[in-house]
Amino acid sequence: MMHIDKQISLIKQNTQEIIPEEELIRKIKRKGSLLVKFGVDPTTPDIHLGHSVILLKLRTFQDLGHKVVLLIGDFTARVGDPSGRIKTRKPLSVKEISLNAKTYREQAFKILDATKTIIDYNSRWLAKMSFSQVLKLTSRYTVARMLERDDFSLRYRNNISIGLHEFLYPLMQAYDSVALKADVEIGGTDQKFNLLLGRDIQRDYGQSSQVIITMPILEGLDGKEKMSKSLGNYIGVTEASSEVYGKIMSIPDELIFRYFRLVSVLSREEIDTLEKDFKEKKLHPKEAKKKLALEIVRFYHGEKEANYQDERFEKIFSQKGVPPEISSHFVNTDKIWVVELLRSSGLVSSGSEAKRLIQQGGVRWDGEKVKEVNSILSVKRTHTLQVGKRKFLEIIKK
RNA sequence: GGGGAGGUGCCAGAGUGGCCAAAUGGGGCGGGCUGUAAACCCGUUGGCAAUUGCCUACGAUGGUUCGAAUCCAUCCCUCCCCA
């Protein structure tokens with residue numbers, strides 16, 4: 001096992017808080033291998049780079065010889081985590097939950113070491129709890145303390161409803177730690193309250209309290225909001241390499257090094273060097289970003305694909321060309337109305353949208369801007385249809 | 001249990017019988033400038049058909065009216081005050 005100081009330094013990297021740090025050191029000294037809990041809500045079936053911040057940290061734990069429990073909150077999902085919410089979540093159906101859990105698991109293993117990961121489901125103990133057990137649990141906490149949470153108090157003050165069951169969520173999550181006898185629980189900074197509650201509840205149940213580690217919340221492509229699927233500002237770990245590369249290129253400059261630190265696997269030293277060059281203007285922002293895009297694509301899609309996307313990007317965007325490989329759409333007429341083609345090929349969702357785009361000069365046929373809404377295109381062999389800057393389609397005569 | 005306020009487009013929020021597919025802002029999309037960055041500027045943002053047309057839409061269902069997001073009834077949901 002790696003020396004303790006080295007371990008702690010690796011664990012500590014990029015974390016927001018470790019509470020309490022001394023206890024983490026003590027636990028490692030005493031037990032050697034710790035049980036690290038990470039609870040996931042199977043609400044979003046797609047893992048994105050925002051989630052990867054935590055998963056990468058878990059991976060570090062695994063590499064250091066610790067055990068990771070990926071706890072699927074299949075039972076808590078029926079309530080929905082109120083953390084940071086301004087509205088009550090709508091509950092998921094049992095079917096959705098199991099499907100999402102499956103996807104989550106598969107995707108998480110793009111980052112985690114499957115052989116060192118224990119998967120568990122909290123329905124295993126929560127579903128069986130009797131009402132008196134629930135009472136025992138709920139009596140450990142007060143309404144006033146629940147309302148200390150910003151999200152709850154905000155909702156309360158703004159006259160937005162808070163379901164009683166939402167108060168139960170943090171307690172359920174805390175109880176998970178009891179059931180698992182977790183040594184460490186990790187989560188985003190927005191989870192701090194829930195994680196801390198785990199410490200209290202474990203103590204109430206006669207266990208030693210878990211150490212909690214919070215990780216920063218990654219901003220999405222807009223650079224403002226946190227990365228989330230519902231906001232559409234995310235990069236999914238299973239997205240096509242071209243998408244991942246392109247999306248990285250569209251992040252605001254201010255985020256470049258935050259992304260390097262939180263979602264790439266480059267060493268701290270390498271990143272520091274890059275950042276130094278960047279600040280001294282020896283490294284152009286675009287080049288820094290390309291390096292980042294290359295790194296991320298390499299991690300999820302491999303070296304070869306990363307290099308390929310790197311070249312491809314230059315070709316299309318810097319030289320305004322057409323990507324070498326694009327999906328195809330077949331037509332079996334010689335002549336077709338642009339609007340019709342745009343719609344039938346699925347590039348746009350309605351005729352009105354197609355017309356709008358044409359009027360705004362956003363549609364190109366073989367590189368030429370389509371000027372008239374009424375244009376009839378003659379399809380000879382293979383043509384390129386482009387919408388906006390990023391959407392391409394190869395139109396082939398059947 | 002009693003009293004009051006309210007539910008509008010992706011979000012926020014106007015509108016309180018026809019001029020409303022619905023102001024304004026945000027977001028999104030397209031264009032320009034660029035480095036697929038930021039900032040800025042312009043345009044656009046229900047669908048179908050096309051130059052004055054039709055359909056769907058203002059919590060749900062019925063009703064009044066030539067005509068309703070706007071009035072009435074019932075229902076569902078949310079919030080506030082009192083108990």
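So you know, we letter chains A, B, ... as the sequences are listed, proteins then strands, and number each from 1.
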Does A/R140 make a cation-pi contact with A/Y205 (under 6.0 Å, within 45 degrees of the axis)?
yes
Which residue pairs pass the ring-ring contact (aromatic ring centres under 6.0 Å, His included) test when at least one of the two sits in residues 4-37 of chain A, sequence neighbours left out?
none
Restricting to salt bridge (Lys or Arg N to Asp or Glu O under 4.0 Å), what partner residues turn up for A/K397, sequence neighbours left out?
A/D334
Looking for any heavy atom pair under 4.0 Å, which part of the strands does A/P252 touch: base, sugar-phosphate only, or nothing?
sugar-phosphate
Can you tell me if A/N194 and A/R149 form a side-chain donor-acceptor pair at under 3.5 Å?
yes
With a 4.5 Å cut-off on side-chain heavy atoms, are A/D113 and A/V68 touching?
no
A/K289 near the nucleic acid: base, sugar-phosphate alone, or nothing, with a heavy-atom cut-off under 4.0 Å?
base
Here the distance between atom C1' of B/rA37 and atom CD of A/E287, to the nearest Å, is 13 Å
Hunt down the Watson-Crick or G-U wobble partner of B/rA5, both distances under 3.5 Å, from any strand shown, or write none.
B/rU78
Looking only at atom C1', what distance separates B/rU74 and B/rU64, rounded to whole Å?
15 Å
By nearest-heavy-atom nucleotide on RNA chain B, the more 5' of A/D253 and A/L357 is A/L357
Taking atom types as modelled and ignoring hydrogens, do the side chains of A/D46 and A/Q107 form a donor-acceptor contact shorter than 3.5 angstrom?
yes
Using the C1' atoms only, state how far B/rU8 lies from B/rA68, rounded to an integer number of Å.
14 Å
Who pairs with B/rA73 - Watson-Crick or G-U, where each distance is under 3.5 Å
B/rU61
Counting only Watson-Crick or G-U wobble pairs whose two distances fall under 3.5 Å, which nucleotide matches B/rA68?
none
Could you tell me if the side chain of A/F299 sits less than 4.5 Å from the side chain of A/L56, heavy atoms only?
yes
Roughly how many Å is it from NZ in A/K247 to P in B/rU36, rounded to a whole number?
18 Å
Detail all sub-3.5 Å separations between protein N/O atoms and N/O atoms belonging to nucleotides 21-26 of chain B.
none

Interatomic distance, A/D222 CG vs B/rG27 C1' [rounded to whole Å]
10 Å
salt_bridge(A/R124, A/D120) N-O dist < 4.0 Å
yes
Using atom C1' of each nucleotide, how far apart are B/rG9 and B/rA22 to the nearest Å?
9 Å
Nearest-angstrom distance, C1' atom, B/rG15 to B/rC58:
10 Å
Gap in Å between the two C1' atoms, one belonging to B/rC80 and one to B/rA69, rounded
25 Å
Figure out the CG/C1' separation between A/L292 and B/rA37, and round it to whole Å.
13 Å
Pairs under 3.5 angstrom, nitrogen or oxygen only, protein versus nucleotides 79-83 of chain B, please.
| unit_1 | atom_1 | unit_2 | atom_2 | d |
| --- | --- | --- | --- | --- |
| B/rC79 | OP1 | A/S161 | N | 3.3 |
| B/rC79 | O2' | A/N159 | ND2 | 3.4 |

Expressed as a whole number of angstroms, how long is the span from A/L255:CG to B/rU36:P?
18 Å
Any N/O pairs under 3.5 Å between the protein and nucleotides 40-43 of chain B? List them or say none.
| unit_1 | atom_1 | unit_2 | atom_2 | d |
| --- | --- | --- | --- | --- |
| B/rG43 | N2 | A/Q360 | OE1 | 2.8 |
| B/rG43 | N2 | A/Q360 | NE2 | 3.4 |
| B/rG43 | N3 | A/Q360 | OE1 | 2.9 |

Find the distance A/Y245:OH to B/rA37:C1' and express it as a whole number of Å.
14 Å
Is the shortest distance from a Lys or Arg side-chain nitrogen in A/E106 or A/K102 to a carboxylate oxygen in the other one below 4.0 Å?
yes
Distance, C1' atom - from B/rA23 to B/rA12, rounded to whole angstrom
14 Å
Spacing between A/Y259 atom OH and B/rA38 atom C1', to the nearest angstrom:
15 Å
With heavy atoms under 4.0 Å as the rule, sort A/G361 into base, sugar-phosphate or nothing.
sugar-phosphate
Can you spot which of A/I212, A/I11, A/D183 makes a side-chain contact (heavy atoms from CB on, under 4.5 Å) with A/L24?
A/I11
Roughly how many Å apart are B/rU52 and B/rU61, using the P atom of each and rounding to a whole number?
32 Å
Would you check if the side chain of A/K289 reaches a backbone N or O of A/I251 as a donor-acceptor pair within less than 3.5 Å?
yes
Check whether the ring centres of A/Y121 and A/F75 lie less than 6.0 Å apart, and answer yes or no.
no
With heavy atoms under 4.0 Å as the rule, sort A/I256 into base, sugar-phosphate or nothing.
nothing
Across every strand shown, the nucleotide meeting Watson-Crick or G-U wobble geometry with B/rC29 (both distances under 3.5 Å) is B/rG43
Need the pair for B/rA23. Rule: Watson-Crick or G-U wobble, both distances under 3.5 Å, any strand; none if unpaired.
none
Let me spell it out: for each of A/K391 and A/S250, pick the nucleotide of RNA chain B with the closest heavy atom. Which residue's pick is nearer the 5' end?
A/K391
If the C1' atom of B/rC11 is compared with that of B/rG28, how far apart are they to the nearest Å?
11 Å
Carboxylate-amine/guanidinium contact A/R298 A/E295, below 4.0 Å
yes
Determine, using ring centers only, whether A/Y141 and A/F167 are less than 6.0 Å apart.
no
In B/S/- notation, 5' to 3', how is nucleotides 45-50 of chain B contacted by protein heavy atoms closer than 4.0 Å?
S-SSSB
Residue pair A/T238 / A/K110, side-chain heavy-atom distance below 4.5 Å
yes
A/R199 bridged to A/E185 by N-O distance under 4.0 Å
no
B/rA37 C1' sits how many Å from A/K389 NZ, rounded?
11 Å
